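Bear in mind the structure is a predicted one, so any value in this text is a computation, not a measurement.
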Amino acid sequence: MAIGQSSGSSLSIGDVARETGLGVHALRFYERNDLLVDPIERTPTGRRMYSATDVEWLQVCVKLRESGMPLVELRRFASLVRQGSGNEHERLRLLQDHEARVRAQLASIAECLDVITGKVATYRDHIAAGGTRDPWLHPTDER
């Protein structure tokens with residue numbers, strides 16, 4: 001089902017918290033800060049009723065936030081989706097810019113991992129060889 005199409009079923013805020021991994025306070029934050037694409041329905045007693053579409057959108061939002069998308073960009077993306085068709089090029093550009101940032105972060109993390117892996121190997125080899133001198137000060141001297 002595409003975002004923006006209601007499924008007809010409703011979920012409580014607790015159900016949505018379990019589905020998305022977001023806390024109840026975070027869900028309210030998303031609603032207050034225009035980060036949702038559809039208004040959240042309410043029961044006659046004021047309880048929130050979320051749709052499967054809301055959950056799908058929130059799951060995307062969680063991944064965008066976990067990958068470092070700033071709230072201002074997420075808000076802009078949600079606004080564009082709410083506006084409907086005709087702005088797909090802008091949505092694509094926003095997502096491509098974020099994708100490029102995430103790829104750069106991954107490359108940097110891969111470099112960090114290479115350094116860490118090298119140090120792990122150095123210490124593992126040092127310990128296995130029964131080295132007595134500090135491998136940090138003498139990385140190739142195992143006397």
Is there a continuous path of hydrophobic side-chain contacts, each under 4.5 Å between heavy atoms, that joins L95 to V60?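 Yes, one cluster joins them.
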Count I, L, V, M, F, W, Y as connected when their side-chain heavy atoms are under 4.5 Å apart, and connections chain through other members. Are Y123 and L137 then in the same cluster?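 Shared cluster, yes.
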Using distance only, find each side-chain donor-acceptor pair of residues 103-114 under 3.5 Å and give its atom names and separation, not counting sequence neighbours.
residue: R103; atom: NH2; partner: E99; partner atom: OE2; Å: 3.2

Going through the distances and angles, do V16 and L58 end up as a side-chain contact (heavy atoms from CB on, under 4.5 Å)? CA-CA 9 Å; V16 175; L58 286 163; 3.7 Å; yes
[atom1]-[atom2] distance between [X] and [Y], expressed to the nearest 0.5 angstrom:
X   : Y   : atom1 : atom2 : result
L36 : L27 : CG    : CG    : 8.0 Å
R75 : M69 : CZ    : CE    : 12.5 Å
D54 : M49 : CG    : CE    : 10.0 Å
L74 : L94 : CG    : CG    : 9.0 Å

Can you check whether [X] reaches [Y] side chain to side chain, under 4.5 Å on heavy atoms?
X    : Y    : result
C61  : Y30  : yes
F29  : L71  : yes
R42  : R48  : yes
W136 : H126 : no
R101 : E73  : yes

Checking [X] side chain against [Y] main chain: does a donor-acceptor pair fall under 3.5 Å?
X    : Y    : value
N33  : L35  : no
R76  : R91  : no
E88  : G86  : yes
D125 : T122 : no

If you look at every heavy atom in [X] and [Y], which pair is closest and at what distance?
X   : Y   : value
A17 : G23 : CB-C, 4.5 Å
D34 : R82 : O-NH1, 3.4 Å
G68 : H98 : C-CE1, 3.7 Å
V55 : L11 : CG2-CD1, 3.5 Å

Check ion pair E66-K63 (N to O, under 4.0 angstrom):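 K63 and E66: salt-bridged.
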Taking the basic N atoms (NZ, or NE/NH1/NH2) and the acidic carboxylate oxygens, is any pair closer than 4.0 Å for R47 and E41?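 Looking at E41 together with R47, the answer is no, because their closest N to O distance does not fall below 4.0 Å.
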When the aromatic ring centroids of W57 and F77 are compared, is their separation below 6.0 Å?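 Centroid distance W57-F77: below 6.0 Å, so yes.
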Show, in sequence, the C-alpha distance, side-chain angles and deciding distance for I40 and I13, and conclude whether the side-chain contact (heavy atoms from CB on, under 4.5 Å) test is met. CA-CA 10 Å; I40 300 303; I13 197 167; over 6 Å; no
